[in-house]
Asker: 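Dropping a structure here in structure tokens format, bear with me for questions.
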Amino acid sequence: MGDFFKKVHSIVCGIPFGAVMTYGQIAGIAGNPRASRAVGYALRATPEGVELPWHRVVNSKGEVSMRRSFSGDDDRILQRVLLESEGVVFSESGRIDLKKYRVRFLEHPAP
DNA sequence: CAGCTGACGCCAT
DNA sequence: TATGGCGCCAGCT
């Protein structure tokens, strides 16, 4: 487990209840803005014993992750259910309003 | 060391 | 708005 993965886990662990972050956003905070794919890989590599709000990570379009593996739709539905249980509302096309739910840490550049 | 893979992002159409 | 194609980078064989 590399340092990048640990950073990703640490960041995801800090996402507050009812909020979300995007893969690219997490990658940037972890130090590599273009390593968004590695963020997804880091989440997939999370040990089962570790508690991590993985469901609060969505892509740049506000959709839940694809996950075309054999698990298939189950995990996607689970992610949506978990988010809805935190008050996140999905549109009819299965997307959420990032303007409303995405957390901002180092944004709002100083004027 | 050289590929290969993947829970992604961005741009063009 | 929806697809498709290409780029990207960390970890693993």
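Throughout, a chain's letter reflects where its sequence line sits, starting with A, and its residues are numbered from 1.
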Asker: Can you tell me which nucleotide in dC8(B), dC8(C), dG9(B) comes closest to the side chain of T22(A)?
Answerer: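 Shortest atom-to-atom distance from the side chain points to dG9(B).
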Asker: Run the side-chain donor-acceptor check on residues 11-21 of chain A: report pairs under 3.5 Å with partners two or more places apart or on a different chain.
Answerer:
none

Asker: Given dA7(B), dG9(B), dA10(C), which nucleotide is nearest the side-chain atoms of F5(A)?
Answerer: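 Among dA7(B), dG9(B), dA10(C), the one nearest the side chain of F5(A) is dA10(C).
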Asker: Where do V89(A) and Y101(A) come nearest, in terms of heavy atoms and distance?
Answerer: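 Heavy atoms of V89(A) and Y101(A) come nearest at N-OH, 3.1 Å.
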Asker: Is the phosphate of dG9(B) approached by S60(A) (side-chain N or O, under 4.0 Å from OP1 or OP2)?
Answerer: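 Yes, within the criterion.
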Asker: Taking all non-hydrogen atoms of both residues into account, name the closest pair between A38(A) and F5(A) and its distance.
Answerer: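 Closest approach of A38(A) to F5(A): O-CE1, 3.9 Å.
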Asker: I need the CD1-P distance between I29(A) and dC9(C), as an integer number of Å.
Answerer: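 Rounded to the whole Å, the gap is 18 Å.
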Asker: Out of dC10(B), dC8(B), dA7(B), which nucleotide sits closest to the side chain of N59(A)?
Answerer: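 My answer, after comparing the listed nucleotides, is dC8(B).
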Asker: Could you report the tightest heavy-atom contact between L78(A) and W54(A), atom names first, then the distance?
Answerer: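 Smallest heavy-atom distance, with atoms named: CD2-CZ2, 3.9 Å.
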Asker: Expressed as a whole number of angstroms, how long is the span from H9(A):NE2 to dG11(C):P?
Answerer: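 Atom-to-atom, H9(A) to dG11(C), this comes out as 10 Å.
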Asker: Return the minimal non-hydrogen interatomic distance between A27(A) and S36(A), and the atom names on each side.
Answerer: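 So the minimum-distance heavy-atom pair works out to CB-N, 3.8 Å.
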Asker: Base, sugar-phosphate or nothing for F4(A)? Non-hydrogen atoms, less than 4.0 Å.
Answerer: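 It contacts sugar-phosphate atoms only.
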Asker: Atom OH of Y23(A) and atom C1' of dA10(C): how far apart are they, to the nearest Å?
Answerer: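 Atom-to-atom, Y23(A) to dA10(C), this comes out as 16 Å.
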Asker: Considering only dC8(C), dA7(B), dG11(C), which nucleotide approaches the side chain of W54(A) most closely?
Answerer: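 So the nucleotide nearest the side chain must be dA7(B).
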Asker: Identify the pairs formed between an N or O of the protein and an N or O of nucleotides 3-6 of chain B at a distance under 3.5 Å, and give each distance.
Answerer:
from: dG6(B); atom 1: N9; to: R37(A); atom 2: NH2; distance (Å): 3.3
from: dG6(B); atom 1: N7; to: R37(A); atom 2: NH2; distance (Å): 2.8

Asker: Nearest whole Å is fine: how far is dC8(B) C1' from Q79(A) CD?
Answerer: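 The distance from CD of Q79(A) to C1' of dC8(B) comes to 13 Å, rounded to the nearest Å.
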Asker: Kindly give the heavy-atom pair with the smallest separation between H55(A) and E86(A), and that separation in Å.
Answerer: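 So the two residues come closest at NE2-OE2, 2.9 Å.
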Asker: Roughly, in whole Å, what's the span from CD1 in I26(A) to P in dA7(B)?
Answerer: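 After rounding, the gap between these two atoms is 15 Å.
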Asker: Distances under 3.5 Å only, N/O to N/O: pair up the protein atoms with those of nucleotides 1-6 of chain C.
Answerer:
from: dA2(C); atom 1: OP2; to: R95(A); atom 2: NH2; distance (Å): 3.0

Asker: Taking atom P of dC9(C) as reference, at what distance in whole Å does atom CZ of R34(A) sit?
Answerer: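 So the two atoms are 5 Å apart, to the nearest Å.
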Asker: Below 4.5 Å, heavy atoms only, C-beta onward: do V58(A) and Q79(A) meet side chain to side chain?
Answerer: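 Yes; the side chains approach each other to less than 4.5 Å.
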Asker: Determine the minimum heavy-atom distance between L98(A) and K61(A), stating which atoms define it.
Answerer: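 It is CD1-C, 4.3 Å.
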